[in-house]
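To start, the structure under review is shown below, and the notes come after it.
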Amino acid sequence: MSSTDVRKETEDSGPSGYAAARLRLLSEGAQSGPPRRSALSELTDDWLSGLFTAGAEGLRGVSLVAVGGYGRGELSPRSDLDLLLLHDGSDSGAVAALADRIWYPVWDLGLALDHSVRTPAEARKTAGEDLKVQLGLLDARHLAGDLGLTAGLRTAVLADWRNQAPKRLPELQELCAERAERQGELQYLLEPDLKEARGGLRDATALRAVAASWLADAPREGLDDARRRLLDVRDALHLATGRATDRLALQEQDQVAAELGLLDADTLLRQVYEAARVVSYASDVTWREVGRVLRSRAVRPRLRAMLGGGKPVAERSPLAEGVVEMDGEVVLARAARPERDPVLPLRAAAAAAQAGLPLSLHAVRRMAAHARPLPTPWPAEAREQLVTLLGSGAPTIDVWEALEAEGLITRLLPDWERVRCRPQRNAVHIWTVDRHLIETAVRASEFTRRVHRPDLLLVAALLHDIGKGWPGDHSVAGEIIAKDVAARIGFDREDVAVLAALVRHHLLLIDTATRRDLEDPETVRSVAEAVGTQSTLELLHALTEADALATGPAAWSSWRGSLVADLVKRVAAVLAGDDLEEPEAAAPTAEQERLAIEAVATGSPVLSLRAQTEPPTGEEPSGDPEPLGVELLIAVPDQPGVLPAVAGVLAMHRLTVRTAELTALDLPDGVEGSVLLLNWRVAAEYGSLPQAARLRADLVRALDGSLDIAGRLAERDAAYPRRRGVVAPPPRVTVAPAASRLATVIEVRAQDAPGLLFRIGRALEDASVRVRSAHVSTLGANAVDAFYVTGPEGAPLPGDEVASVTRKLEETLRG
């Protein structure tokens, strides 16, 4: 159906004809993107013009004006209609009646309407008081009536905007910054708001307003295409949901991707992120230019007076060979020749990051257009400049993004293309893969004094997740890529091997420390064999912390840091030649020993609750300590069913288990009996913590079988049906091969939920296996647990029994 046919149907049938034509237009799969938005705008123009003409017969000095997105001719399927009824004030009563004849048919069709009735003077006054009104009027477009009236308003509004730009643009920038703080960065969010988040459609509109001020202009290349892509996604979102929404929710991404003909939701997000990155970078450059122009205007009169009316000459300060600072930016020196100097992009970037200054857009584009490719392997200077850039801390991020915006990063590191803008569908991660790598380098720059080879640490930080762009285990794929990249940028054979090992094993320390029994000699020995040398261990320790800190707040804590530090200490001892065949068990604390003796004496569980705070590992306390939750210590005479009983009681009392350890405790000489010690960190789902006496009473009943925990939890689940949300991946139960010679290590990865640990513990009890120790941790919405289990005789489980236990456990968790 052509737009001409649609308009004819509208003219023939009035409002009902418009509704039918609109429906047909939106249901045509062949027409989408800008053509559909334009056609929908034209269709709506014709209908509203008809309403205006029918109601304004004999009325002069009135016009109907589209503003905002409708004024730009960008109607999405569920967009508001932004309309202004403009009049000269000569007959307010007739104008009010005309407004009713236009607004009511719009409302009758269920369309959202943002409307106003004003004279030109009133419109200008309101725009001067309300920046959002001003921005809408900048896109004013005549629909019907007195064209001269509309044209006069447009001319006056643009003149007002240009005259007031020095005052209004800082106000607009502040508005954008507040919105970004509130909505976050579109290029990193898993459920982004396409309009409000930083880098979204509102920022694109703000850039149009800056250009209209004639004070500064945004980088044009790629900006229109990025804006079009965001509008296309919003169109598809409106059609998929049938709602006027701008938030791209997880459960709707597959449908939106299909509507756009994309492979999957990840491809959709990557396109959104790429578009948002273009808009964000253009915003950074534009607002920097606005600030420069406004500062220049502020100082120019004084300079002219001092120089006797002459034109001031911008000061240029040398930063590096071919690189200078001018006007608060890093630019190329007049003598710089990018076509003869292949190291210049890295040298300029390193100089800018070291100085904490932005790279000028002109400089980056000139280098992108003319710089020669680096030879293979890179010269030493290029490698040194890369390390300097990576080691410059937070300023590295903006400089890296400037290089990436013009394609220089993928030219230097071709493998970067596979991780660029790649989403990470994991609640623990707050960045895309590429941004996470840069954030890790920034974090690693804080640890360069802790290692003997800071260059290897920084490059490993940049490459540790580079394998996420390839199928399979990203650590294995990353090892291969890291070898190639390290050799290409000029590291020798030994350094290449170290970098490959760091990438291959970058998760080894954190996984082992949080999921394995560090008292088991086999655990420590296996890590030592994988790491190989003290120097690699030192680097891996720093990389582990940098990686976790750059992942998000759920990935690192003082508790995790202390576990990793303990593991590193033990591995270092092995690498130094110490024997681990007969390790000494860690001595219990006085509090643990007191509880254990009381448990043996009374024959029943004893527990204590206390708030736990401490400074980050390896740091002196300063200010408020880091809250670690509430520590729950429980000593129980050794007996079957302890793990499910404790986990079930905590779930009944709505206590979330953050970390959990279960170990057998050696008692002092002269004290007979065996005690299990549970050292857990818990938090209340809401409200306050229960009293320790209530927990103990319920635990006694759970252990003697008089408390039906499963029934109580089932009743609670039935009373509170689960809300619709993201469908979690199925649980996975595996056995860690050769993790221990003393026990079988079963790993469980599942969506965290109330009662999960109770269900696991009960399933293990039903399988007649004994839990020697447990290491439970929660990463965001994911539970990652490891259980050291033995048979009734205390030996590791035979192969066929292991398979049966893991299968039954997985079936229990899926049920």
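FYI, side chains are in, hydrogens and waters are out, and symmetry mates aren't considered; it's all heavy atoms of this structure.
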**OP:** Test the R420-W416 pair against the cation-pi criterion, namely NZ or CZ under 6.0 angstrom from the six-membered ring centroid and within 45° of the ring axis.
**Re:**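 Geometry flag: not set, cation outside 6.0 Å or 45°.
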I'd like to check [X] versus [Y] (side-chain heavy atoms, cut-off strictly below 4.5 Å). Are they in contact?
| X | Y | answer |
| --- | --- | --- |
| R36 | L26 | yes |
| E289 | V285 | no |
| H115 | D82 | no |
| L98 | L85 | yes |
| R425 | L269 | yes |
| L332 | M367 | yes |
| V62 | D88 | no |
| L48 | L64 | yes |

Inter-residue atom distance [X].[atom1] - [Y].[atom2], 0.5 Å rounding:
| X | Y | atom1 | atom2 | answer |
| --- | --- | --- | --- | --- |
| L137 | L84 | CG | CG | 6.5 Å |
| W103 | D100 | CH2 | CG | 9.5 Å |
| E191 | L250 | CD | CG | 4.0 Å |
| Y188 | E439 | OH | CD | 7.5 Å |
| L40 | S79 | CG | OG | 8.0 Å |
| M326 | L357 | CE | CG | 12.5 Å |

**OP:** Applying side chain to side chain contact (heavy atoms under 4.5 Å, CB included), run through R202 and V279 and close with a yes or a no.
**Re:** CA-CA 10 Å; R202 281 215 188 277; V279 177; over 6 Å; no
Original post:
Picking from R277, R198, E274, what satisfies side-chain hydrogen bond (donor to acceptor under 3.5 Å, both in side chains) with Q187?
Top reply: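 Single side-chain hydrogen bond (donor to acceptor under 3.5 Å, both in side chains) partner of Q187 among R277, R198, E274: R277.
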[X], [atom1]: over 12 other non-hydrogen atoms inside 6.0 angstrom:
| X | atom1 | value |
| --- | --- | --- |
| W107 | CH2 | yes |
| E122 | CD | yes |
| R162 | CZ | yes |
| E178 | CD | yes |
| E129 | CD | yes |
| E171 | CD | yes |

Would you say the side-chain atoms of [X] pair up with the backbone N or O of [Y], donor to acceptor, closer than 3.5 Å?
| X | Y | answer |
| --- | --- | --- |
| R234 | D246 | no |
| H87 | G89 | yes |
| S38 | P35 | no |
| Q424 | W431 | yes |
| S41 | G73 | yes |
| Y281 | A276 | no |
| N163 | A159 | yes |

With a 3.5 Å cut-off and no angle check, do the side chains of [X] and [Y] form a donor-acceptor pair?
| X | Y | value |
| --- | --- | --- |
| T432 | R422 | no |
| S283 | D203 | no |
| R168 | Q173 | no |
| D45 | Y70 | yes |

**OP:** With salt bridge (charged side-chain N to carboxylate O under 4.0 Å, His left out) as the test, would you mind laying out the steps for R243 and E252 before giving the verdict?
**Re:** CA-CA 12 Å; R243 304 192 312 274; E252 283 140 9; 3.6 Å; yes
**OP:** I would like to know whether V324 and V331 meet side chain to side chain contact (heavy atoms under 4.5 Å, CB included); could you show each step before the answer?
**Re:** CA-CA 6 Å; V324 299; V331 302; 3.4 Å; yes
Return the minimal non-hydrogen interatomic distance between [X] and [Y], and the atom names on each side.
| X | Y | value |
| --- | --- | --- |
| L186 | P192 | CD1-CB, 3.0 Å |
| L149 | G61 | CD2-O, 3.5 Å |
| V65 | L86 | CG2-CB, 4.4 Å |
| A236 | E259 | CB-CG, 3.6 Å |
| A123 | L153 | CB-CD1, 4.0 Å |
| L262 | L268 | CD1-CA, 3.7 Å |

Original post:
Can you check salt bridge (charged side-chain N to carboxylate O under 4.0 Å, His left out) on R316 and E325, steps first, answer last?
Top reply: CA-CA 6 Å; R316 299 167 70 90; E325 174 192 352; over 6 Å; no
Does [X] come within less than 4.0 Å of [Y], counting only side-chain N to carboxylate O?
| X | Y | answer |
| --- | --- | --- |
| D327 | R295 | no |
| E401 | R435 | yes |
| D225 | R229 | yes |
| R228 | D232 | yes |
| D146 | R60 | no |

Subject >> Trace of the salt bridge (charged side-chain N to carboxylate O under 4.0 Å, His left out) decision for R37 with E74 >> reply: CA-CA 5 Å; R37 287 190 289 275; E74 296 174 345; over 6 Å; no
Subject >> side chain to side chain contact (heavy atoms under 4.5 Å, CB included) assessment of Q134 paired with Q164 >> reply: CA-CA 11 Å; Q134 175 90 69; Q164 298 167 7; 4.1 Å; yes
**OP:** On the 0 to 90° scale, with breaks at 30° and 60°, tag the W47-Y18 ring pair as parallel, tilted or perpendicular.
**Re:**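 Ring orientation, 0 to 90° scale: parallel.
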Original post:
Between D80 and L113, is a side chain to side chain contact (heavy atoms under 4.5 Å, CB included) present by the stated rule, with each step listed?
Top reply: CA-CA 5 Å; D80 293 355; L113 176 65; over 6 Å; no
